[in-house]
Protein chains: 2
Amino acid sequence: MSVRQTKTKSLILESLQKSKQAISHETIQHELEGHVDRATIYRVLNRFCEEGIVHRVVGDDGKQYFAICLNCAEQHHQHNHFHFRCISCGKVECLQQEIALNLPKGYKAQNFNGVVSGYCDLCTRTDK
Amino acid sequence: MSVRQTKTKSLILESLQKSKQAISHETIQHELEGHVDRATIYRVLNRFCEEGIVHRVVGDDGKQYFAICLNCAEQHHQHNHFHFRCISCGKVECLQQEIALNLPKGYKAQNFNGVVSGYCDLCTRTDK
DNA sequence: TAATTATTGCGACTTAGTTGCAATAATAAG
DNA sequence: CTTATTATTGCAACTAAGTCGCAATAATTA
């Protein structure tokens with residue numbers, strides 16, 4: 001199954017690149033001003049994940065967020081970094097710090113999903 | 001708003017205690033053999049979380065899992081440990097290792113949610 | 001230019017979790 | 001023990017996220 005280059009895909013990829021953060025399906029849909037169907041966006045995002053150009057994070061709000069793979073496309077491709085989700089402004093950003101995890105004997109890791117939620121610097125000062 | 005002791009609550013608490021793991025609403029409902037309403041289970045679990053006797057983990061499957069707070073009831077009460085979710089048998093267990101996280105300046109953590117999914121020892125050997 | 005088939009839009013569907021409301025039952029007050 | 005107060009429960013309806021089947025559209029290849 002080959003891959004085709006389409007306008008929709010390009011737009012979604014742009015959205016992801018422009019925002020240097022992890023964004024939700026909703027954000028993308030909003031940015032595309034409703035010109036693209038919900039289901040399509042989901043499918044494209046899932047495709048990008050398969051292709052390894054994007055990684056998925058599930059927030060502690062139960063929602064999926066997607067972010068461009070930066071320094072891992074060529075590398076091992078395990079994303080052992082955390083994400084910070086701001087409860088106030090809603091942004092989700094990748095934290096640099098890589099985490100070393102000790103799994104019990106015989107356990108095989110497949111997917112790392114680390115999220116901390118709280119208040120980002122801006123919201124801590126602004127909001128209150 | 002005070003707290004009342006009810007049969008339902010006791011049963012749910014027992015389920016949580018018996019299973020030394022993080023379990024989903026579904027598991028509890030199953031264990032209670034459908035004698036308790038879905039919504040009630042959710043409400044009780046949320047209550048337990050508020051009271052601080054249980055902590056909630058959101059898996060990378062987007063579902064909520066609940067586990068008794070073991071060595072933190074008296075302590076600081078931040079659960080900086082990871083959870084392992086087995087893709088094959090579905091169990092979710094708390095890992096001991098505590099994680100030290102460096103947040104950017106000014107960021108305030110509120111909730112730690114770490115999950116690694118993969119195959120547990122048993123499933124690695126059994127399943128295939 | 002035509003044929004192949006990945007992609008898209010639409011609508012219907014699933015699953016997790018929440019909420020309003022009336023009925024029930026723990027607990028406190030008398 | 002009886003009554004009053006109100007936390008808790010069950011039910012049904014609802015929301016929101018995400019998926020899926022199918023027919024129509026449009027990249028790519030021949």
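Values reported hereafter were calculated over all heavy atoms of this structure, with side chains retained and with hydrogens, waters and symmetry mates removed. On a predicted model such as this, the values are computed, not experimentally measured, just so you know. Chain letters run A, B, ... following the sequence lines, proteins first, then strands; residues in each count from 1.
Rounded to whole Å, the distance from CD on A:Gln29 to P on C:dG9 is 11 Å. Across the protein-nucleic acid pair, A:Ile28 atom CD1 and C:dT8 atom P stand 13 Å apart, rounded to whole Å. We find that CD of B:Glu50 is positioned 11 Å from P of C:dT18, with the value rounded to whole Å. Regarding A:Lys7, its NZ atom lies at a distance of 11 Å from the P atom of D:dA26, rounded to whole Å. Atom P of nucleotide C:dA16 and atom NE2 of B:His25 are separated by 8 Å, given to the nearest angstrom. Between the P atom of D:dA16 and the CD atom of A:Gln64 lies a distance of 17 Å, rounded to the nearest Å. For the pair A:Gln5 CD and C:dT5 C1', the computed distance is 17 Å after rounding to whole Å. Between A:Asn46 atom CG and D:dT19 atom C1' there is a gap of 9 Å when expressed in whole angstrom units.
A close approach under 4.0 Å does not occur between any side-chain nitrogen or oxygen of B:Tyr42 and OP1 or OP2 of C:dT18.
The pair B:Lys105-A:Asp121 does not meet the salt-bridge criterion, since no charged nitrogen lies less than 4.0 angstrom from a carboxylate oxygen.
Each of A:Glu14, A:Glu26, A:Lys18 was compared with A:Glu31 under the side-chain contact (heavy atoms from CB on, under 4.5 Å) criterion, and only A:Lys18 meets it.
Going from atom NE2 of A:His55 over to atom NE2 of A:His83 covers 3.5 Å, rounded to the nearest 0.5 Å. Remark: A:Gln64 CD to A:Cys49 SG distance equals 8.0 Å, nearest 0.5 Å.
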Verdict with reasoning, B:Asn46 to B:Arg56, per side-chain hydrogen bond (donor to acceptor under 3.5 Å, both in side chains) = CA-CA 9 Å; B:Asn46 286 333; B:Arg56 181 202 322 266; 3.1 Å; yes

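Between A:Phe84 and B:Tyr107, the two ring planes are perpendicular [angle over 60°; tilted spans 30° to 60°].
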Any N/O pairs under 3.5 Å between the protein and nucleotides 11-15 of chain C? List them or say none.
none

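Judged by closest nucleotide on DNA chain C, A:Val44 is the one of A:Val44 and B:Gly62 placed further toward the 5' end.
Residue-level contact check: B:Thr6 touches the backbone only, with heavy atoms under 4.0 Å from sugar-phosphate atoms and none from bases. Within the nucleic acid shown, B:Asp61 has no heavy atom closer than 4.0 Å to any nucleic acid atom.
Without hydrogens or angle criteria, A:Thr126 side chain to A:Leu122 main chain gives a donor-acceptor distance under 3.5 Å.
Distance from the side chain of B:Arg4 is smallest for C:dA25 among the nucleotides C:dA25, C:dT8, D:dA26.
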